[in-house]
Every structure is written in C-alpha cells, then in structure tokens.
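Note sheet for the following structure.
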Amino acid sequence: MKTVSFAVPCYNSADYMDKCIASLVALGDDIEVIIVDDGSTKDDTPAKADEWAERHPGIVRAVHQENGGHGAAV
C-alpha cells in the first residue's frame with residue numbers, strides 16, 4: 001500500500017499536465033498518482049496519461065472516462 005495517493009483530474013490539459021505529474025513522480029516510490037482523463041478530445045491528454053503510466057508503472061495509473069465534469073473526475 002502506498003503512503004499517499006494523488007488524483008489528478010485532466011480535461012484537455014496536455015499543455016501543462018507534464019509539469020504537474022513530473023513534480024509528483026519526483027516525490028519517490030511510496031506514492032501513487034492517478035491521472036483521470038475526463039473525456040479529453042481536443043489535445044493529447046489521453047496519450048500523455050498513458051505515456052506516464054507506461055514510464056512509471058508502479059507509481060502512475062491512467063484512468064479514462066467519458067466527460068462528467070470536474071466532480072466526476074475527482
């Protein structure tokens with residue numbers, strides 16, 4: 001079990017999500033980062049989420065869902 005889990009809701013946020021995820025991954029192996037792609041369609045958010053999960057399989061997980069607004073992503 002990880003000490004801390006971070007949920008990162010993302011909707012068409014490819015331009016700035018890398019900086020956010022990189023800052024969390026830098027905290028070490030005892031965390032979990034859950035990227036929730038909330039139905040992004042206008043940019044590369046889904047692909048970037050998958051790339052982060054592939055690069056850091058023990059830390060980052062990508063979840064893709066239909067757009068449900070901020071509340072659904074959180």
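Keep in mind that this is a model prediction, so the values were computed, not measured.
- Residue pairs meeting the salt bridge (Lys or Arg N to Asp or Glu O under 4.0 Å) criterion with at least one partner in residues 17-26, sequence neighbours excluded, are D18-K48.
- Residues forming a side chain to side chain donor-acceptor pair (under 3.5 Å) with D50 (at least two apart in sequence, or on another chain): H64.
- Remark: the backbone N or O of Y11 is not paired with any side-chain donor or acceptor of T45 at under 3.5 angstrom.
- Heavy atoms only, all atoms of each residue included: A62 and A53 are closest at N-CB, 4.0 Å.
- The minimum heavy-atom distance between C10 and S13, with the atom names listed, is CB-OG, 3.2 Å.
- M17 belongs to a hydrophobic cluster with V4, F6, V8, I21, L24, V25, L27, I31, V33, I35, W52, I59, V60, counting contacts under 4.5 Å between side-chain heavy atoms of Ile, Leu, Val, Met, Phe, Trp and Tyr, direct or through other members.
- When hydrophobic side chains of Ile, Leu, Val, Met, Phe, Trp and Tyr are connected at separations under 4.5 Å, Y16 ends up as a singleton with no cluster partners.
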Stepwise side chain to side chain contact (heavy atoms under 4.5 Å, CB included) check, I34 with V63: CA-CA 7 Å; I34 304 165; V63 175; 3.9 Å; yes
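- For residues 24-42, every residue pair satisfying the salt bridge (Lys or Arg N to Asp or Glu O under 4.0 Å) rule, not counting sequence neighbours, is listed here: E32-R61.
- Residue pairs meeting the salt bridge (Lys or Arg N to Asp or Glu O under 4.0 Å) criterion with at least one partner in residues 62-74, sequence neighbours excluded, do not occur; the list is empty.
- Judged as a salt bridge (charged side-chain N to carboxylate O under 4.0 Å, His left out), and not counting sequence neighbours, D44 has no contacts.
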